[in-house]
Amino acid sequence: MTADPHATRLAAGSGVPTAGLVPREFLGRPAVEVAPDLLGCVLEHQTAAGLVAAALTEVEAYAGEADPASHAYRGRTRRNAVMYGPPGYAYVYFTYGMHFCMNVVCLPEGTASAVLLRAGRIVAGEGLARHRRLVDGPARDLARGPARLCQALGVDRALDGADLCDPASPLRLRKGAAARSAEETLIRTGPRVGVREGADVPWRFWLDGEPTVSTYRAHVPRRR
DNA sequence: TGCATGATGTTCT
DNA sequence: GAACATCATGCAC
């Protein structure tokens, strides 16, 4: 770990937020504990086209093999392998034939646990985010929903396994201290979205009053 | 504003 | 072959 918290404090005059990256130990806890703490943190993706950053406003916890709604419920596969690795890495998967969703891996290596990033508020690079989204709309919809968040940030399967705690990584997670004061921000919880099993557990967390939070939709069986 | 539905392809059984 | 941690659209109210 070369990251010195003080080294990133002053990006003189750049206008870039100076808060440090989220430390890996912070993420090496159960997903249910990590999830609410991620609210207000900032996910950044640096590409040749530019930087897009989003402050997280909605997340969901997935507990791993004991959680019937988790991708790890049926054990380790090629797809979910990253979830079994060390914390602080991105687990990106493809779903519904056209969308990507992104998780932050929690708990130490050998255990599968993750937090799904469901929504965020774009705080940098809005023009690029808008360009990436195929549909036009209000700013609050740019990253409202897990697949939209990935689309706005340009996150795809190539970033599966990316390190979120490394300043040199294109995909990073910053502490959102500036955006968040625990006393002033109300965190709400409820059932997870779009899952059939385990819908009774209130492991979805969001910031109260945030217009960027996606609306709750229960799982609907698809017609055949 | 709120449902129902089709698009699309990867993964796992 | 079925299910899937979704989204955008179209139509009913």
Side-chain angles (χ1 to χ4, degrees), chain A residues 27 30-32 34-36 38-39 43 54 56-84 89-107 111-122 129-162 164 188-206 210-224:
Chain A
L27 301 171
V32 183
V34 173
L38 284 180
L39 295 173
L43 180 70
L56 302 178
T57 57
E58 182 187 1
V59 297
E60 281 177 1
Y62 286 84
E65 295 190 344
D67 180 0
S70 170
H71 283 177
Y73 184 54
R74 289 182 167 78
R76 182 176 186 144
T77 64
R78 208 161 73 80
R79 178 173 65 156
N80 64 27
V82 174
M83 270 206 283
Y84 286 80
Y89 289 81
Y91 165 47
V92 182
Y93 67 91
F94 188 69
T95 190
Y96 289 104
M98 59 188 89
H99 297 301
F100 294 103
C101 295
M102 175 183 163
N103 292 248
V104 175
V105 175
C106 302
L107 287 182
T111 51
S113 174
V115 176
L116 170 70
L117 308 184
R118 284 202 57 87
R121 181 167 42 84
I122 302 295
R130 223 172 249 289
H131 178 73
R132 286 195 179 117
R133 299 265 304 129
L134 301 171
V135 178
D136 203 11
R140 66 174 165 278
D141 285 350
L142 281 173
R144 189 175 188 232
R148 288 162 167 175
L149 175 69
C150 285
Q151 195 176 25
L153 292 202
V155 171
D156 63 15
R157 205 167 17 190
L159 289 161
D160 188 34
L164 300 170
R188 303 192 59 104
T189 70
R192 292 175 292 187
V193 174
V195 297
R196 198 179 45 157
E197 308 271 5
D200 51 329
V201 188
W203 284 352
R204 173 175 176 240
F205 303 84
W206 69 92
E210 259 290 335
T212 55
V213 173
S214 65
T215 55
Y216 175 74
R217 303 175 62 180
H219 173 83
V220 282
R222 299 179 67 223
R223 285 205 43 182
R224 11 167 343 188

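Values reported hereafter were calculated over all heavy atoms of this structure, with side chains retained and with hydrogens, waters and symmetry mates removed.
Counting heavy-atom neighbours within 6.0 Å of A:Y73 OH, excluding the residue itself, gives a total of 12 or less. The number of heavy atoms from other shown groups lying within 6.0 Å of CZ (A:R140) does not exceed 12.
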(message) Output the pairing pattern of DNA chain C as a dot-bracket string, 5' first, Watson-Crick or G-U wobble with both distances under 3.5 Å, | for cross-strand pairs, [ ] for crossing pairs.
(response) ||||.|||||||.
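Put simply, CD on A:E58 is 16 Å from P on C:dA5, counting in whole angstrom units. Atom P of nucleotide C:dA5 and atom CG of A:D160 are separated by 16 Å, given to the nearest angstrom.
Residues A:T95 and A:H71 fail the side-chain proximity criterion, which asks for heavy atoms closer than 4.5 Å. Contact check for A:Y93 versus A:D160: no side-chain heavy atoms found under the 4.5 Å cut-off. A heavy-atom distance below 4.5 Å is not found between the side chains of A:T111 and A:Y84.
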(request) Sugar-phosphate atoms are those with a prime plus P, OP1 and OP2; base atoms are the rest. Using that split, label each nucleotide of nucleotides 6-13 of chain C B, S or - for protein heavy atoms under 4.0 Å, 5' to 3'. (result) BBB-----
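Of the candidates A:T189, A:V59, A:V213, A:V213 is the only one forming a side-chain contact (heavy atoms from CB on, under 4.5 Å) with A:R204. The side chain to side chain donor-acceptor pair (under 3.5 Å) test with A:S214 singles out one residue from A:R148, A:R144, A:E58, and that residue is A:E58.
A donor-acceptor contact closer than 3.5 angstrom links the side chains of A:Q151 and A:R133.
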Report all interatomic pairs (protein N or O, nucleotide N or O of nucleotides 10-13 of chain B) with separations under 3.5 Å.
from   : atom 1 : to    : atom 2 : distance (Å)
B:dC12 : OP1    : A:T77 : OG1    : 2.3

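Donor-acceptor pairing under 3.5 Å, judged by distance alone, is present between the side chain of A:H71 and the base of C:dA5.
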(message) For a side chain to side chain contact (heavy atoms under 4.5 Å, CB included) check, start with the C-alpha distance between A:R188 and A:W206, then their side-chain angles and the critical distance, and finish with the verdict.
(response) CA-CA 5 Å; A:R188 303 192 59 104; A:W206 69 92; 3.6 Å; yes
(message) The test is side chain to side chain contact (heavy atoms under 4.5 Å, CB included); show your working for A:Y62 and A:L116 and say whether it passes.
(response) CA-CA 7 Å; A:Y62 286 84; A:L116 170 70; 3.9 Å; yes
